Amino acid sequence: MAQAEAVLTPRNPRGFHSARVDAAGRLKLPAKYQEYLKALIDKTLFATMYEGMARIYSNGSFERNLELLSEEPALLETMAKYGDMFGADVDLDPQGRITIPQSLRKLLGLEDKSVYLRFDGDVISIYSEEQHKAEQDRLLAEIEESLKAAKAKGFRL
């Protein structure tokens with residue numbers, strides 16, 4: 001059974017990938033992202049913003065996140081409305097691009113800008129150049145301590 005699931009759910013791409021949002025708000029996804037998304041059974045993509053960063057939820061992950069809040073209806077409603085306020089369903093076009101909703105790209109200043117993409121689970125985070133640099137600086141400041149702890153747990157470098 002686990003082997004069948006592995007075939008149905010491919011591993012998402014790793015790493016930060018540079019991309020560009022053009023003046024019309026189109027974001028061409030890297031080839032590996034396109035391959036991954038096309039291999040999924042659920043092709044639904046939802047673009048929105050949380051914590052000041054654009055995010056593209058794939059493979060039904062936005063709905064699964066909302067389900068986690070089902071026991072707190074007020075929280076669920078707030079998170080769903082917030083997602084909808086700044087986002088919308090988006091499609092992958094034949095050229096491998098998505099169009100980021102106009103209100104989202106204007107709010108975040110993403111039009112005609114270079115960005116960095118990173119898959120985390122079934123969510124693509126879109127980092128502005130400034131956000132990417134801040135994350136890089138944070139990781140560089142923490143890596144030595146993290147390397148020691150990881151090696152102690154058996155992480156192989």
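Below, each value reflects all heavy atoms present in this structure, side chains not excepted, and no hydrogens, waters or symmetry copies. If you're wondering where the values come from, they're calculated on a predicted model, not measured in any experiment.
With rounding to the nearest 0.5 angstrom, the CG atom of D84 is 7.5 Å from the OG1 atom of T48. Note that the CZ atom of R55 and the OH atom of Y127 stand 7.0 Å from one another [nearest 0.5 Å]. Residue D120 holds its CG atom at 8.0 Å from CG of N12, rounded to the nearest 0.5 Å.
Across all non-hydrogen atoms, the minimal contact from H132 to F16 is CD2-CD2, 3.6 Å. For the residue pair E129 and Y116, the shortest heavy atom distance occurs at CG-CE1, 4.2 Å. When all heavy atoms of S114 and R20 are compared, the closest pair comes out as OG-NH1, 2.9 Å. Pairing each heavy atom of V123 with each of S61, the nearest pair is CG2-OG, 4.0 Å.
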- Show your reasoning for whether side-chain contact (heavy atoms from CB on, under 4.5 Å) applies to L92 and K38. CA-CA 9 Å; L92 188 63; K38 288 176 184 175; 4.2 Å; yes
Please determine whether side-chain contact (heavy atoms from CB on, under 4.5 Å) holds for the pair K32 and R14, giving the CA-CA distance in whole Å, both sets of side-chain angles, and the decisive distance to 0.1 Å. CA-CA 9 Å; K32 292 280 185 194; R14 306 253 339 172; over 6 Å; no
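Residue K151 places its NZ atom among 12 or fewer non-hydrogen atoms of other residues, nucleotides or ligands, all under 6.0 Å distant. A 6.0 Å sphere centred on CD of E145 holds no more than 12 heavy atoms belonging to other residues, nucleotides or ligands. More than 12 non-hydrogen atoms from other residues, nucleotides or ligands lie less than 6.0 angstrom from CD of E142.
Looking at R64 and D122, a side-chain N of the basic residue comes within less than 4.0 Å of a carboxylate O on the acidic one, giving a salt bridge. Ion pairing between E130 and K133 fails under the 4.0 Å rule for side-chain N and carboxylate O.
Using cut-offs of 30° and 60° on the angle between ring planes, the pair F119 and Y33 is tilted.
Residues F46 and M85 are members of one and the same hydrophobic cluster, defined by side-chain heavy-atom contacts under 4.5 angstrom among Ile, Leu, Val, Met, Phe, Trp and Tyr. Under the 4.5 Å side-chain heavy-atom criterion for Ile, Leu, Val, Met, Phe, Trp and Tyr, M53 and F62 are members of distinct hydrophobic clusters. L107 and L110 fall within the same hydrophobic cluster, where Ile, Leu, Val, Met, Phe, Trp and Tyr residues are linked whenever their side-chain heavy atoms come under 4.5 Å apart, directly or through other members.
For the pair L108/I126, no side-chain contact is recorded, criterion being any heavy-atom separation below 4.5 Å from C-beta on.
Applying the side-chain contact (heavy atoms from CB on, under 4.5 Å) test between L117 and each of P13, P30, S18 identifies P30 as the sole match.
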